[in-house]
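Owing to the predicted nature of the structure, the values given are computational and were not obtained by experimental measurement. The analysis underlying the following values was restricted to heavy atoms, covering all of them including side chains, and did not include hydrogens, waters or symmetry mates.
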Amino acid sequence: MELTIFYDSACPLCANEMAQLKKHDRLHKIHLEDLNSADLLTRYPTLDIEKANTILHGLTSDGKMLLGLDVTAMAWGLTGKHCWVKLLRLPLIKPVADKAYLAFAKNRYNISYLLTGKKRCTTDSCSIEPKA
């Protein structure tokens, strides 16, 4: 794995994004970890779950922790899809994009409700596993 992403499975938009990433991750470079998993801290004892619930966290294979849109840009880069996301990392765009991302992350449940009609996922309603 080149990137481990710690995501909020209770967020409909977050779960959908992870499902899309996995769909396009044909070389299996991305590993997903649910922040709501009971044994997450056992497997990742240095992870600050509270902080990870405020901003997307990603752990690279060389042990570097990425945050926010840096995770998104790397993840989509690994899939070879949505290459436009790299534009959000350009020096003039990055500060604005990062502030917009933080506002999104803080309000993701309300935004999810506006866009999907669901504020939070239930156990099966936002599964990232492909449907049989």
For Arg26, all residues meeting side-chain contact (heavy atoms from CB on, under 4.5 Å), sequence neighbours excluded: none
Nearest atoms (heavy-atom pairs only) where Arg43 meets Ser37: NH2-OG, 3.3 Å
Heavy-atom check, side chain of His57 versus side chain of Leu67, under 4.5 Å: yes
Please tabulate, one pair per line, all N/O donor-acceptor pairs under 3.5 Å involving side-chain atoms of residues 98-105, not counting sequence neighbours.
{"from": "Asp98", "atom 1": "OD1", "to": "Arg89", "atom 2": "NH1", "distance (Å)": "3.2"}
{"from": "Asp98", "atom 1": "OD1", "to": "Arg89", "atom 2": "NH2", "distance (Å)": "2.5"}
{"from": "Asp98", "atom 1": "OD2", "to": "Lys94", "atom 2": "NZ", "distance (Å)": "3.1"}
{"from": "Tyr101", "atom 1": "OH", "to": "Leu56", "atom 2": "N", "distance (Å)": "2.9"}

Which residues share a ring-ring contact (aromatic ring centres under 6.0 Å, His included) with Tyr44, sequence neighbours left out: Phe6
side-chain contact (heavy atoms from CB on, under 4.5 Å) against Lys23, all qualifying residues, sequence neighbours excluded: Gln20
Value rounded to 0.5 Å, distance of OH in Tyr113 from NZ in Lys118: 13.0 Å
Separation of Leu88 CG from Thr72 OG1 (nearest 0.5 Å): 8.5 Å
Verify same cluster id: Ile55, Val96 (apolar side-chain graph, 4.5 Å): no
Distance, nearest 0.5 Å, that separates CD1 of Ile49 from OG1 of Thr54: 12.5 Å
Value rounded to 0.5 Å, distance of CE in Met74 from CG in Leu69: 15.0 Å
Distance, nearest 0.5 Å, that separates SG of Cys14 from CG of Leu32: 12.0 Å
Connected via hydrophobic side-chain network under 4.5 Å: Tyr109 and Leu35: no
Residues forming a side-chain contact (heavy atoms from CB on, under 4.5 Å) with Leu90, sequence neighbours excluded: Leu87, Ile93
Validation row: Ile5, Leu21 side chains within 4.5 angstrom (heavy atoms): yes
Asp25 side chain to Lys29 backbone, donor-acceptor under 3.5 Å: yes
Which residues share a side-chain hydrogen bond (donor to acceptor under 3.5 Å, both in side chains) with Lys106, sequence neighbours left out: none
Pairs where residues 48-67 contributes a residue and the test salt bridge (charged side-chain N to carboxylate O under 4.0 Å, His left out) is met, not counting sequence neighbours: none
Test item: Leu13 and Arg108 side chains (from C-beta on) under 4.5 Å apart, heavy atoms: no
Contacts table for residues 75-82: side-chain donor-acceptor under 3.5 angstrom, sequence neighbours left out:
{"from": "Trp76", "atom 1": "NE1", "to": "Glu17", "atom 2": "OE2", "distance (Å)": "2.7"}
{"from": "Thr79", "atom 1": "OG1", "to": "Trp76", "atom 2": "O", "distance (Å)": "2.8"}
{"from": "Thr79", "atom 1": "OG1", "to": "Lys81", "atom 2": "N", "distance (Å)": "3.1"}

Residues, nucleotides or ligands: over 12 heavy atoms within 6.0 Å of Leu92 CG: no
Any residue meeting side-chain contact (heavy atoms from CB on, under 4.5 Å) with Asn36, in chain and number order, not counting sequence neighbours: Asp8, Ser9, Ala10, Asp34
Distance (rounded to the nearest 0.5 Å) between Thr60 OG1 and Met1 CE: 14.0 Å
